[in-house]
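Note sheet for the following structure.
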Amino acid sequence: MIGTAAPELIEVTRFAEVAEALRHPKLAVTLDERSVPVRGGTVLRIDGEAHTKRRRLFNRLVFRGGHQRLRADVLRPAIDRELAAARARASADGRGRLDVVAFCYRVLTELVATMIGLDRAQMRTDIEELFRLQAELDAFPRFKTQLLGAAPLDTDGEARVEEALARLRVAKDAFSDRWVRPALAARRELMRRHQAGEIGDDEMPSDLLTMVAAHADPAFEADPDLPVRHAVIDFLHAGTGTSVGAVAHTANELERWWRDHPVDRERRTDAAFLSAAVYETLRLHAANPAEIRRATEDVTLSAGTRIPAGRFAALRTGMAHRDRDAWGPNAEAFDPRRVPPPGAAGYGLAFGAGAHMCYGLPLAVGDDGVDGNIVLLLRSLYEAGMERDPDDAPVYRPGVAHADLRNFERYPVLIRATA
Ligand code: HEM
């Protein structure tokens, strides 16, 4: 119910406590009915056995060589194609121009569409329309904190949330009609032919909608439309926006770093250096304002923070990553030479921790940090000669007040006209 006062959030900001809370069995992800239109039916909003089962299913798409295959078969060719297109548009000054944000959205959408089982060719044709719909969906997380915010919303605030929810519903319906329903119907037909012996195992795709068509998780079918529709949209959202942000922010942090450390510019195509830069960027630019959890019983964290049963906690990973007790006196600074605290990954809790830790981690950073999508994108761009366009400054998306949570709307760069 939008009209009721929001419950007070308990802030968790210390690195050790956020890490502990993310793994705590009594801090659940299941939220209130207000968040249902946003994330209901997604893996991030189910707990316990149903969650373990869904994750096992999803893991099949990225583990056991899945993420490398997706990178080799889809992402690399898409990057090469888009770079060639930018070179072909090069102007008389011999420089190609591209916007890193649009470039990354394009190629990553293609990758995630393949994981889901959406038609890639259609996706490419309709991609502008998809971006428009996605922008409607992307605008929504800003309201998430308001939905669970410390203060009750005033009448204006309530009206804006209602309006955003209505737009979200329309955008999800449009998306579902245009892409999800036809793709699922095509997968069901494939499954029928497979069961009739007309096509073999090796011809069956490995994607989310094929799993749904194979009835691999009855929860998806319980309501014939809702869960799969939310899950697909959430996948597209989670699988693109965070990585796009990471590429643009890393390029931006590196520009600043190279001003004071010019010799490191030589390392711009070195995967190990880029990986360290990506980890630092992920540490400093949190994907979400907070991960929200609700206590199913009274919980007391190790530094004394109490979360009584039924109350919500905001686990502030962004603030935890600036905790000097864990990350040292220069915790605020971007430093690709940083040694992370014992037991922590270089990216800290950027992918969460515990049962709901990011499913896309192997895609984003690979098996060992150097072979993931984000490093591949950055390396390909630097190999193509990427440098900031001096005549076209980067633009931040409007409407996000907190500097650490801002994302780029455009990040224009120059590349060489020849490969
Ligand atoms: C830089 C890239 C990424 C970052 C920083 C990121 C961050 C996160 C975080 C912090 C969570 C945990 C949220 C919580 O505990 O409440 C999460 C969960 C999730 N992420 Fe990512 N993510 C990234 C890339 C991806 C990709 C590429 C995909 C899929 C293609 C993906 C899909 C998911 C899913 C499905 C979940 C929910 C997992 C569950 O609840 O079991 N993410 N992500």
Side-chain angles (χ1 to χ4, degrees), residues 12 18-19 21-24 27-31 35 38-39 41-48 50-59 61-63 66-67 70-71 74-75 104-105 107-116 118 141 144 148 207-208 230-250 275 278-294 312-318 320-321 345-366 369 372-378 405 407:
V12 185
V18 174
L22 283 166
R23 296 181 176 93
H24 204 292
L27 292 175
V29 294
T30 317
L31 299 181
S35 71
V38 191
R39 307 214 69 157
T42 68
V43 70
L44 194 47
R45 288 293 168 261
I46 50 176
D47 266 320
H51 174 258
T52 312
K53 200 167 164 208
R54 181 79 58 85
R55 275 297 292 253
R56 230 178 262 145
L57 196 66
F58 281 4
N59 286 346
L61 298 174
V62 288
F63 287 108
H67 70 93
L70 281 162
R71 212 168 287 120
V74 186
L75 189 59
C104 291
Y105 260 118
V107 296
L108 288 169
T109 301
E110 201 164 324
L111 176 124
V112 182
T114 308
M115 282 174 73
I116 296 169
L118 301 174
K144 199 169 74 175
L148 290 164
D207 54 46
L208 179 68
H230 284 304
V232 162
I233 292 170
D234 200 45
F235 243 58
L236 265 172
H237 179 71
T240 54
T242 44
S243 302
V244 175
V247 174
H249 277 305
T250 306
S275 167
V278 167
Y279 283 8
E280 273 292 271
T281 301
L282 289 170
R283 184 179 69 81
L284 291 173
H285 300 273
N288 297 316
E291 311 310 346
I292 308 287
R293 297 292 191 266
R294 187 180 214 166
F312 290 104
L315 315 183
R316 304 269 178 201
T317 46
H321 288 155
Y347 48 75
L349 301 165
F351 294 94
H356 289 276
M357 185 161 183
C358 180
Y359 154 85
L361 179 70
L363 278 164
V365 303
N373 293 352
I374 303 173
V375 166
L376 174 64
L377 281 158
L378 282 162
L405 294 170
N407 256 320

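All ligand and atom numbering here is 1-based and tracks the order in the structure.
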Under a 4.5 Å cut-off applied to non-hydrogen side-chain atoms, are Val29 and Arg293 in contact? yes
Ser243, Gly241, Ala350: member with heavy atom nearest to atom 5 (C) of ligand 1: Ala350
Pairwise side-chain contact, Val247 with Ile374, heavy-atom cut-off 4.5 Å (strictly under): yes
Phe351, Tyr347, Phe58: member with heavy atom nearest to atom 9 (C) of ligand 1: Phe351
Side-chain contact, heavy-atom cut-off 4.5 Å: Leu75 with Leu363? no
Are any of the side-chain heavy atoms of Ser243 and Leu108 separated by less than 4.5 Å? yes
Heavy-atom nearest neighbour of atom 39 (C) of ligand 1 within options Glu291, Arg54, Arg55: Arg55
Would you say the side-chain atoms of His285 and Asn407 include a donor-acceptor pair closer than 3.5 Å? no
Option nearest atom 17 (C) of ligand 1 (shortest heavy-atom distance, choices Gly354, Pro362, Cys358, Gly360): Cys358
Any heavy atom of Leu315 sitting closer than 4.0 Å to ligand 1? no
For His51, the atoms of ligand 1 under 4.0 Å from one of its heavy atoms are 39 (C), 40 (O), 41 (O)
Please identify which atoms of ligand 1 are closer than 4.0 Å to at least one heavy atom of Ile374. 1 (C)
Close-contact set for ligand 1 against Leu282 heavy atoms, below 4.0 Å: 1 (C)
What are the atoms of ligand 1, with element, lying closer than 4.0 Å to any heavy atom of Gly352? 10 (C)
Phe58 vs Phe235 aromatic rings, parallel, tilted or perpendicular, using cut-offs 30° and 60°? perpendicular
Taking a cutoff of less than 4.0 Å between a non-hydrogen atom of the residue and any ligand atom, is Arg293 in contact with ligand 1? yes
